[in-house]
Amino acid sequence: MSGVRTRILAIAFVPSLALFGIGAGYTIYLSDEAGHAEDYSRSMVDSLSYSENLIGSVEQERLLSMWQLSGQDGNPKALAEARTRLDKALAAFDTSGKSMRKIGGQLQEKQAEAFNALIHTQLPALRLGIDAAAVPTSDVYAFYTALLEGIDNGGSKVVGQNAPTIATAINDMITLKLVQSIEANSRGSALTVVAAGGNLPPALMEEFRNTVGLYHALLGQLVNDLDGPDVKLVQDLLAGPALAQMSTMEDALLHPAPSKTGVPAPLPMTLEQWRVAANTVSEQLFALKRQHDSRSSLSAADLAHDRSRAVLVGGGSAIALAIVAFAIAILLANRIIGRLRRLRAETLALAERKLPETMRKIDAGEQVDPAAEAAALDFGTDEIGEVAQAFNRAHTAAVAAAITEARTREGVRSVLLNIAHRSQIVVARQLELLDQAESTQEDPALLDTFFRLDHLATRERRNAENLIILGGGKPGRQWRRPVPLMELVRSAVAETLDYARVNTHRLAQVFVLGTVVADLMHLLAELVDNATAFSPPQSRVDVTGNSVGKGVVIEISDQGMGMPAGELERVNEMLSNPPDFGLTTLSADSRLGLFVVAQLATRHGISVRLSDSDYGGIRAIVLIPVRLITTDPPVTDHLRDRVSVRYNPSGATGSPALEPGTEQPFSATESGSRRGR
């Protein structure tokens with residue numbers, strides 16, 4: 001069964017466990033978010049680095065390829081270098097594009113498949129056609145444009161679905177807009193080369209017009225989208241001479257000046273001059289993109305680090321809080337358990353030491369002040385303190401009840417002693433009168449009646465002495481000198497009701513100290529009375545004795561029904577440790593004779609024990625210790641032997657006849673033995 005400490009900890013453990021679970025769940029969530037932010041940041045960095053090189057390579061090859069097909073002075077060596085550069089960029093596609101495909105999912109996988117189909121099946125054939133001048137310019141433009149669209153398609157959707165924060169999404173959307181502006185500018189440059197040769201089909205002319213307008217519009221939007229150093233680069237680009245030269249060339253191609261002769265007006269600059277300006281604008285756009293990408297990458301990395309720190313701080317704080325809460329619960333539980341243990345220790349000390357000591361004082365008749373003996377358990381005003389106060393009140397009530405019981409018991413004893421002493425005075429007066437009547441009476445019949453009355457009065461005197469013993473007093477009979485054991489036993493037998501059934505065998509020739517004679521005689525009389533009372537009327541009771549190492553043993557054996565083992569054990573325990581006599585000791589089946597025996601035996605250190613006799617009845621074994629006996633004969637003051645007298649029918653007094661038995665069954669009344677005391 002669980003204790004209070006376990007229950008308190010269980011109560012505290014439930015919310016702590018819930019808090020721990022919340023902290024762990026929050027930590028896992030933040031950890032996933034941080035991992036996603038870190039993966040996204042890493043993927044974007046890889047993708048930007050990869051796409052910049054790839055886009056630049058495609059644009060360069062497209063420009064040189066269309067230049068060569070336009071019929072103008074191409075540069076085969078530069079075109080070969082551009083193709084080599086693109087092949088290297090495409091070779092890195094499988095490894096560099098994996099990170100982007102990881103966060104882009106199925107959309108990126110499909111686009112990657114389409115892109116691979118373009119570069120592995122169509123690109124080699126297209127290059128052969130360009131070299132043989134067997135491919136239309138529009139097809140070359142469409143292929144490379146589709147190749148770049150395959151790189152960029154779905155970028156906005158990927159960003160919108162996977163960007164960890166809105167700020168990251170905005171930065172990445174601006175990056176995509178920069179890529180679009182670079183691509184639009186590159187397409188415009190490629191179409192400018194063809195348009196300058198006058199070979200641009202109408203469809204491509206329309207595409208040229210739209211492309212030029214698109215990249216100029218995107219540059220204007222970037223002024224509003226970017227901030228800080230980035231917007232400064234855009235403003236410098238818009239205000240720079242390179243973009244102005246490109247715009248002049250584009251306007252001349254899109255809106256040629258009318259000629260009266262029908263010959264086209266000359267271009268405002270040579271293609272070489274335009275190419276220098278176009279390269280400058282392209283480099284500025286790529287520089288703008290790299291700068292913005294760098295800042296975006298740093299921002300994404302910072303975000304990932306912030307998320308990681310949030311995992312450590314947030315989750316760790318929640319878990320630490322749960323642990324601290326449980327530790328506080330353990331501390332509080334230990335304090336409560338400590339107070340309860342202290343309460344238990346002080347309460348046990350109160351119950352096992354102070355209260356028994358108070359009871360001892362009360363039983364000894366000492367004056368006890370209830371206020372001074374009151375318990376003083378002080379444990380505050382909370383529930384534990386209330387329990388301590390309840391113990392205080394219970395202790396006070398117990399002391400008060402003990403005092404009341406002691407007063408009641410003392411009153412009962414006083415009543416018993418008062419009644420006993422009154423009865424003893426009456427019986428003593430009665431015995432004196434009977435003694436006088438016996439000494440002057442010669443009529444055998446009356447003398448026999450007087451003897452019977454004398455015997456009854458003697459038994460009544462023992463009953464009065466019982467009350468005195470139960471009340472804690474001492475009987476009035478006393479002897480100054482030792483008395484022979486044989487005479488003491490005979491006198492004890494003479495005080496019993498059925499003395500004629502008792503056979504007293506030869507006893508040890510020792511003398512009992514006078515201070516013990518009255519109590520020992522009373523003790524033996526009670527045991528003999530019990531033996532005759534609890535055995536068949538026709539049976540006999542044997543009193544035997546012998547000297548032993550520890551003193552003298554007297555055995556009283558009857559032929560009754562005996563006692564159950566449990567009852568016999570209980571009676572022997574009572575004889576060894578007699579309880580305090582009080583109202584609670586009395587019951588309907590109380591054997592006051594045995595209680596008196598126990599009191600007298602304890603008073604003088606005499607051992608009394610009951611056991612089964614050889615005849616199935618009870619044997620009472622009385623051990624008189626050596627210190628209560630002596631072998632030196634006294635000068636006088638011993639009990640006088642008296643025997644019952646049987647008178648003849650004629651009424652003449654004859655010699656006394658002895659009762660039958662192996663020994664003389666001394667069953668005299670106490671009338672003679674009262675003298676000389």
Side-chain angles (χ1 to χ4, degrees), residues 462 465-466 468-470 472-496 502 504-531 541-558 568-581 591-613 618-635 637-639 663 666 673 677:
R462 181 157 58 86
E465 289 179 350
N466 281 348
I468 294 174
I469 294 170
L470 294 177
K474 294 183 178 181
R477 294 186 295 166
Q478 293 183 359
W479 276 259
R480 295 185 299 274
R481 295 184 178 87
V483 173
L485 178 63
M486 188 67 178
E487 294 187 9
L488 186 150
V489 173
R490 287 172 178 172
S491 295
V493 172
E495 294 186 4
T496 61
V502 181
T504 304
H505 298 262
R506 188 176 302 279
L507 300 174
Q509 298 296 321
V510 295
F511 300 87
V512 179
L513 298 181
T515 55
V516 189
V517 170
D519 288 344
L520 182 58
M521 187 190 308
H522 196 124
L523 182 152
L524 294 174
E526 290 292 339
L527 292 175
V528 172
D529 229 359
N530 279 347
V541 175
D542 294 321
V543 179
T544 60
N546 195 11
S547 295
V548 294
K550 293 184 178 181
V552 175
V553 171
I554 299 176
E555 296 184 0
I556 303 170
S557 302
D558 63 56
L568 190 64
E569 183 179 356
R570 186 187 67 81
V571 171
N572 281 325
E573 175 63 24
M574 187 267 291
L575 291 172
S576 300
N577 301 293
D580 185 28
F581 180 76
R591 298 184 180 182
L592 295 180
L594 291 178
F595 190 89
V596 171
V597 169
Q599 294 288 338
L600 294 174
T602 302
R603 180 182 299 174
H604 298 288
I606 299 172
S607 171
V608 180
R609 185 174 61 86
L610 302 184
S611 64
D612 294 330
S613 71
I618 293 297
R619 175 187 291 114
I621 303 172
V622 181
L623 174 61
I624 306 171
V626 176
R627 58 184 176 81
L628 300 181
I629 59 177
T630 181
T631 56
D632 297 332
V635 178
D637 196 18
H638 59 80
L639 299 177
E663 297 288 343
F666 291 94
S673 62
R677 296 168 209 172

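The basis for the numbers below is simple: all heavy atoms, side chains too, and nothing from hydrogens, waters or symmetry mates.
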(message) With a 3.5 Å distance limit and no angle check, can you tell me whether Asp529 reaches the backbone of Ala525 through a side-chain donor-acceptor pair?
(response) no
(message) Go through it in stages, so that I can follow the logic: the residues are Val528 and Val489, the test is side chain to side chain contact (heavy atoms under 4.5 Å, CB included), and I'd like the CA-CA distance, side-chain angles, deciding distance and then a yes or no.
(response) CA-CA 10 Å; Val528 172; Val489 173; over 6 Å; no
(message) Would you say that Ile606 contacts Pro625 through its side chain, given a criterion of any heavy-atom pair below 4.5 Å between the two side chains?
(response) yes
(message) Quick check: closest heavy atoms across Val626 and Gly549, and the distance to 0.1 Å?
(response) CG2-O, 4.0 Å
(message) Side chains of Leu520 and His604, heavy atoms from C-beta outward: is any pair under 4.5 Å?
(response) no
(message) Quick check for you: to the nearest 0.5 Å, what is the distance between Met574 atom CE and Gln599 atom CD?
(response) 9.0 Å
(message) Working to the nearest 0.5 angstrom, can you tell me the gap between Leu527 CG and Leu523 CG?
(response) 5.0 Å
(request) For Ala598 and Thr602, work out which heavy atoms get closest and say how close. (result) O-OG1, 2.8 Å
(request) Check whether any side-chain heavy atom of Ile618 sits under 4.5 Å from a side-chain heavy atom of Ser613, and report yes or no. (result) no
(message) side chain to side chain contact (heavy atoms under 4.5 Å, CB included), that's the test. Do Val516 and Ile624 meet it? Break it down for me.
(response) CA-CA 10 Å; Val516 189; Ile624 306 171; 6.0 Å; no
(message) Please give me the minimum heavy-atom distance between Trp479 and Met521, naming the atom from each residue.
(response) CH2-CE, 3.7 Å
(message) Tell me if a side-chain donor or acceptor on Ser491 pairs with a main-chain N or O of Leu488 at a distance below 3.5 Å.
(response) no
(request) Any chance you could measure Arg570, atom CZ, to Leu610, atom CG, to the nearest 0.5 Å? (result) 11.0 Å
(message) Please determine whether side chain to side chain contact (heavy atoms under 4.5 Å, CB included) holds for the pair Leu600 and His522, giving the CA-CA distance in whole Å, both sets of side-chain angles, and the decisive distance to 0.1 Å.
(response) CA-CA 8 Å; Leu600 294 174; His522 196 124; 3.9 Å; yes
(request) Determine whether Val512 and Leu485 make a side-chain contact, defined as any pair of heavy atoms from C-beta on separated by less than 4.5 Å. (result) yes
(message) For the residue pair Asn530 / Glu526, report whether a side-chain donor-acceptor contact shorter than 3.5 Å exists.
(response) no
(message) Could you go through Val553 and Leu623, starting from their C-alpha distance and side-chain angles, then the distance that decides it, and tell me whether this counts as side chain to side chain contact (heavy atoms under 4.5 Å, CB included)?
(response) CA-CA 5 Å; Val553 171; Leu623 174 61; 3.6 Å; yes
(request) Enter the distance from Ile629:CD1 to Phe511:CZ here, rounded to the nearest 0.5 Å. (result) 11.5 Å
(request) Any chance you could measure Ser611, atom OG, to Leu568, atom CG, to the nearest 0.5 Å? (result) 7.5 Å
(request) Measure from the side-chain N and O atoms of Asp558 to the backbone N and O of Val541, and report whether any donor-acceptor pair falls under 3.5 Å. (result) no
(request) Heavy atoms only: give me the nearest Gly545-Leu507 pair and the separation to one decimal. (result) N-CD2, 3.4 Å
(request) Report yes or no: does Asp542 contribute a side-chain atom to a donor-acceptor pair with the main-chain N or O of Ser557 at less than 3.5 Å? (result) no
(message) Once rounded to the nearest 0.5 Å, what's the spacing between atom CD of Gln509 and atom CE of Met486?
(response) 8.5 Å
